[in-house]
Amino acid sequence: MPNSGEQVVYVVDDDQGMLDSTVWLLESVGLKALPFTSGRAFLEACDADLDACVLLDVRMPGMGGLNVQEEMRSRGLDLPIIFVSGHADVPIVVRAFKAGARDFIEKPYNEQLLLDSVQQALSSHEPKRGNGAGQGQLKERLDSLTPRERDVLLPLVQGYTNREIAEQLDISVKTVDLYRARVMKRMQAERLPDLVGMAIAAGLVDPLKLR
């Protein structure tokens, strides 16, 4: 059982190899990692009084990560959640953020990115959205977009493919690729989940209109 005051990371992943390597990574920087191969086992052991956060795989047999997140809320287990997934499709990312997730990291993950996200989650229970950008910064970034870049941003965070966006805007897929790269750069988003988090924070995304 963890000591009082010790920082703990619950790691929930049905892939034993991924679980072992994540636990090793966290312990290598002095964090206490508690591994679980199923959502149910984690829920039974979860202690919301600990100084802890949860690294949660999205796709697991039986009870997936989003279901675990819902169950945590219904049980009053208010711990910061960082989702990890090999399939970061936009509707899942939006649903996770809407339900209060702290971050969404794609597998295979960058080790430093994961550690930074865990440290942020442990250092504060105040939600940080959109790559750590405040509302002022976020507005500045959005205002820097050209009208055409905004045209690409909206369907992009709603889950449309580059080909579908090209058809909607009557431009080539290659042009969409170009605009997409510029949008990511101007918004300072390294990954699509970062961009979705910013769009939610700015009120641009209506999950009811997702595909």
Side-chain angles (χ1 to χ4, degrees), residues 53 55-59 65-66 69 80-121 123-211:
C53 70
L55 268 179
L56 187 54
D57 189 27
V58 172
R59 298 191 182 205
L66 292 168
Q69 183 186 30
I81 297 172
I82 299 162
F83 278 107
V84 184
S85 175
H87 311 274
D89 49 334
V90 169
I92 289 178
V93 176
V94 170
R95 196 174 145 200
F97 275 131
K98 272 286 180 190
R102 178 58 58 95
D103 202 356
F104 200 112
I105 295 175
E106 291 176 84
K107 294 178 183 175
Y109 57 75
N110 172 294
E111 292 187 353
Q112 193 55 53
L113 185 75
L114 185 84
L115 290 173
D116 288 348
S117 186
V118 166
Q119 294 289 6
Q120 276 191 351
S123 67
S124 157
H125 278 213
E126 278 300 303
K128 281 196 175 85
R129 288 285 180 280
N131 214 20
Q135 284 295 336
Q137 281 179 302
L138 203 48
K139 187 174 184 312
E140 278 176 28
R141 292 178 197 176
L142 283 168
D143 289 346
S144 75
L145 297 178
T146 65
R148 207 46 158 169
E149 287 165 355
R150 265 181 174 269
D151 287 344
V152 169
L153 168 68
L154 283 169
L156 186 60
V157 296
Q158 288 171 328
Y160 290 95
T161 64
N162 285 10
R163 183 165 294 284
E164 288 168 330
I165 296 170
E167 286 171 8
Q168 284 177 28
L169 302 177
D170 198 22
I171 55 180
S172 72
V173 175
K174 196 168 181 180
T175 304
V176 173
D177 285 338
L178 182 70
Y179 278 123
R180 177 178 174 149
R182 283 186 6 201
V183 166
M184 298 288 276
K185 188 173 180 184
R186 282 187 199 268
M187 294 300 293
Q188 296 175 38
E190 289 181 28
R191 308 160 295 142
L192 186 56
D194 290 336
L195 197 63
V196 175
M198 291 181 203
I200 291 168
L204 294 178
V205 176
D206 179 356
L208 298 175
K209 291 183 181 167
L210 285 172
R211 333 206 36 208

*Should Val176 and Leu156 be marked as a side-chain contact (heavy atoms from CB on, under 4.5 Å) after you check the CA-CA gap, both sets of side-chain angles, and the distance that decides it?*
CA-CA 10 Å; Val176 173; Leu156 186 60; over 6 Å; no
_Run the salt bridge (Lys or Arg N to Asp or Glu O under 4.0 Å) test against Arg150 and tell me which residues pass, sequence neighbours left out._
none
*Taking all atoms of both residues into account, what is the closest heavy-atom pair of Pro155 and Gln168, and its distance?*
CB-OE1, 3.8 Å
_Please find the pair of heavy atoms, one from Leu138 and one from Met187, that lie closest to each other, and give the distance._
CD1-CE, 4.2 Å
_Heavy-atom side-chain contact between Arg141 and Met198 under 4.5 Å_ = yes
*Qualifying residue, where the test is side-chain contact (heavy atoms from CB on, under 4.5 Å) with Phe104 and the options are Val196, Val58, Leu192*: Val58
_Spacing of CG belonging to Asp170 relative to OG1 belonging to Thr175, to within rounding of 0.5 Å_ = 10.5 Å
_Holding to side-chain contact (heavy atoms from CB on, under 4.5 Å), I want the full list of residues that pass it with Glu167, two or more places apart in sequence or in another chain._
Arg163
*Provide the closest heavy-atom pair for Lys107 versus Asp57 in the form atom of the first, atom of the second, distance.*
NZ-OD1, 3.3 Å
*Within a strict 4.5 Å, meaning less than it, do heavy atoms of the Val157 and Leu204 side chains meet?*
no
*Hey, mind stepping through Ile105 and Arg191 against side-chain contact (heavy atoms from CB on, under 4.5 Å) and telling me if it holds?*
CA-CA 9 Å; Ile105 295 175; Arg191 308 160 295 142; 3.8 Å; yes
*Going by the side-chain contact (heavy atoms from CB on, under 4.5 Å) test, name the single residue among Asp103, Asn110, Val84 that passes it with Ser117.*
Asp103
*Answer yes or no: is there a side-chain heavy-atom contact under 4.5 Å between Leu153 and Leu195?*
yes
*Qualifying residues under side-chain contact (heavy atoms from CB on, under 4.5 Å), relative to Arg148, sequence neighbours excluded*: Thr146, Asp151, Leu169, Ile171, Tyr179
*Shortest non-hydrogen contact from Pro193 toward Glu106*: CD-OE2, 3.5 Å
*For the pair Arg186 and Glu149, find out whether any cationic side-chain nitrogen is under 4.0 Å from an anionic carboxylate oxygen.*
yes
*asked:* To check you understand the geometry: which heavy-atom pair defines the closest contact between Leu114 and Leu55, and what is its length?
replied: CD1-CD2, 3.6 Å
_Heavy-atom pair with the smallest gap, counting every atom of Ala121 and Pro80_ = O-CG, 3.6 Å
*Please lay out, stage by stage, how Phe83 and Leu66 fare under the test side-chain contact (heavy atoms from CB on, under 4.5 Å).*
CA-CA 9 Å; Phe83 278 107; Leu66 292 168; 4.0 Å; yes
*Would you say the side-chain atoms of Asp116 and Gln120 include a donor-acceptor pair closer than 3.5 Å?*
no
*To the nearest 0.5 Å, what is the distance between OG (Ser144) and NZ (Lys185)?*
11.5 Å
*Taking 4.0 angstrom as the limit, do Lys174 and Asp177 come out as a salt bridge?*
no
